[in-house]
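In what follows, a structure is listed as structure tokens, so that the remarks can point back to it.
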Amino acid sequence: MARRRKNKKSPAKPIAETRAPELPPVTRRRLRLLWLVPPLVVAAIVVMVLHPAEITPRKLNVIIVTADTLRADKLGAYGNTAVETPHIDRIGSEGIVFEQAVTAAPVTLPSHASIFTGTYPPAHGVRDNGGAALSSDRTTLAEVLRSEGYATGAFIGAFVLSSRWGLDQGFDQYDDDIDTAGSHNLGGSDAQRRGDTVLADAFRWMDSVKERAFFSWIHLFDPHMPYDAPDPFRSRYENPYDGEVAYVDSLVGELLEWVDTNELGESTLIAFVGDHGESLGEHGELTHGFFVYDATMRVPLVVRTPYRALQSRRVSSLVRTIDLMPTVLDLVGLETPQGVQGQSLVELALGRPPSDTPHAYGESLFPSHYGWSPLRSLRDEEFLFVDAPRPELYDLRADPTQQTNLGSARADAVQSYREKLRNLESEMGGFDTTSSTSATLDPETASRLTALGYVGAGSFRSVDSSSASDPKDKIDLFNRIRGAATAADAGRLDDAITFLDSVLEEDPGVVEARNMLAGYLARRGDLRAAETAYREALSRGPDYAPAILGLASVQLEMGRRQDAEITLSRMLELEPGNPPGSFLLARIFIDSGRF
């Protein structure tokens, strides 16, 4: 059970001080002319001139919509004119648009864990999809709000955020029933459901609790691959991704209509945030998860509150999705728990930037699935630094899409950012991926994550970055590996095997590709070839648990029960209590009468 942390409610007080500033001469002359204006108007003008904007936090309903895989530059609020997004734009025009918001990771589970704990992946321990669940000793936004009497409900659009991964902490209701009637399941069978189903479930719950304070998290997975928006959005846009974005906006419109119909606008905070973006071919990446450029790391963040001082605001400073949790707590008058790395953005939104602008940390462990170097990044308002085997440095003002690497020309800057990155990692306990448990997933779970594009999820390896390949050199192979998974999911096993053969011809050391190849050979019925492929994978990665499990499964299917038992015993020496390994071994014991 998740730990419950009681937070003391802060007394209602203005966030800003009301000390009058020194007035410039021009302002003093204008004030002397106010004797021509009626007294009440004079009073209002004097208050506006002498006192900065302020708010008095109070208990508000909280609705957070997370849009999966949504680029900020696809929204009208961020300058896009090709896609109609009037409802998301309305939240921004009536509230705050954070123009430069960045996420912590370009994959769904770690990025959401960061949003709802206010901490970076090395701190909260969820580094990958399917790799580990959020620990119960981490405090979530839902836990804080529930401890203050809020009803809490979450409505999830994809299996990757299933309650098994720990984000259900603090929720009275966590609706992750993906395989439901009328869910419009796409590509991944029971791996995701369309946003209209998610929203309908959210409305039913909010209708039941709207007489009390509530926190509702609505997760819309639709912009994620495969891009398959319903009509009229599918037919309206030539680019299918744009159709998904417009569809999500229509769902936000329904949410705003529900708030207006129930007359909750003056008592409700609404935040709309992306978990990560989508490359759409930039830097050679077709989707997301591999690189840490702005195409996948910059996200929309718009917040609407009833506070007049926070309406029609735009913030150009760099902010982070880990800042959303403390911002929400600040806006409803609650203290931020200890250990949160994000900071409230309220003062920034009121026009008072902090004296020290924080850096934004980002990471991708996805390349390490294949034996390549993981990526870490550090971003400020001027530069993006990517710590890779060939370090990267980009001038964000002159090169906003990160096309010109200044790493070799600015060695001094690279060293400075690298030291800042190391200091931050040290504060978080280091970057060692082995500190985050890597899971060997059961075949059903692995296939559901693969169907969502997360090939090899949960099975990343500890990689020596000093000698590993640079992901920049491997993006074509990565795309072929994903292409193999897509072909296999469509039943085209021969095409999938051809893709993987080409990968292994170019880079024989990709253990995950060999493991995938063995699995597809087994599905095609080539059990001896599959066994050979699994053994080749284990010759290059002796401790690679997914290949050990696959080898045992093939041996069982071939009727070689004793060989499978020996293989599984080896696996359980590496990972005692591994669930799928223990299950297969139990089957062997049952079949041989060793009850």
Side-chain angles (χ1 to χ4, degrees), residues 7 10 15-16 55 57 60 62-67 70 72 77-78 91-92 95-106 110-124 126 138-145 167 215 217 269-277 292 294 297-305 307 310 313-363 377-381 384 424 427-428:
N7 282 264
S10 301
I15 283 183
I55 68 171
L60 300 172
V62 176
I63 300 176
I64 295 181
V65 179
T66 59
L70 182 58
Y78 291 84
I91 297 177
I96 315 160
V97 176
F98 294 96
E99 297 174 347
Q100 298 292 332
V102 292
T103 188
S111 59
H112 276 88
S114 288
I115 289 170
F116 289 113
T117 65
T119 59
Y120 286 124
H124 60 61
V126 181
R138 294 294 168 185
T139 302
T140 66
L141 176 62
E143 288 179 293
V144 176
L145 293 177
L167 286 184
F215 166 42
W217 167 29
L269 180 161
I270 301 176
F272 179 92
V273 61
D275 69 335
H276 57 74
V292 287
D294 273 11
M297 301 296 282
R298 184 178 170 225
V299 296
L301 174 58
V302 293
V303 179
R304 190 185 82 171
T305 74
Y307 304 125
L310 293 177
R313 296 268 185 170
R314 296 187 72 89
V315 174
S316 61
S317 302
L318 176 69
V319 302
R320 307 155 305 175
T321 57
I322 64 168
D323 297 327
L324 182 57
M325 176 197 188
T327 300
V328 169
L329 293 176
D330 202 357
L331 289 168
V332 300
L334 298 177
E335 294 179 358
T336 298
Q338 290 185 348
V340 170
Q341 294 171 295
Q343 61 186 30
S344 172
L345 302 176
V346 175
E347 290 292 316
L348 185 64
L350 288 171
R352 291 179 287 276
S355 57
D356 182 26
T357 302
H359 291 81
Y361 170 86
E363 68 174 41
S377 68
L378 201 62
R379 191 190 194 282
D380 55 28
E381 294 182 0
L384 170 67
L424 178 59
E427 293 173 9
M428 294 188 289

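Under a 3.5 Å cut-off, the side chain of Ser114 and the backbone N or O of Thr119 do form a donor-acceptor pair. Between the side chain of Arg313 and the backbone N or O of Phe98 there is no donor-acceptor pair closer than 3.5 Å. Checking side-chain atoms of Tyr361 against main-chain N and O of Tyr120 turns up no donor-acceptor pair under 3.5 Å. At least one donor-acceptor pair under 3.5 Å links the side chain of Tyr307 to the backbone N or O of Leu331. A donor-acceptor distance shorter than 3.5 angstrom exists from the side chain of Arg138 to the backbone of Ala123, with no hydrogens or angles considered. Between the side chain of Glu381 and the main chain of Leu318, a donor-acceptor pair closer than 3.5 Å is present. When atom types are taken as modelled, the side chain of Arg304 and the backbone of Leu310 share no donor-acceptor pair closer than 3.5 angstrom.
Pairing each heavy atom of His276 with each of Ala105, the nearest pair is CB-O, 3.8 Å. Scanning both residues, Tyr78 and Val299, for their nearest heavy atoms gives OH-O, 4.4 Å. Nearest heavy atoms, Thr139 versus Met325: O-CE, 3.9 Å. Pairing each heavy atom of Met297 with each of Glu363, the nearest pair is CE-N, 4.3 Å. A pairwise comparison of heavy atoms in Leu167 and His112 identifies CD1-CB, 3.7 Å as the closest pair.
In summary, of the residues considered (Val340, Leu345, Ile115), a side chain to side chain contact (heavy atoms under 4.5 Å, CB included) with Asp323 occurs for Leu345 alone. When each of Thr103, Asp275, Thr66 is checked for a side chain to side chain contact (heavy atoms under 4.5 Å, CB included) with Thr321, only Thr103 meets the rule.
Note: His359 NE2 to Arg379 CZ = 11.5 Å, rounded to the nearest 0.5 Å.
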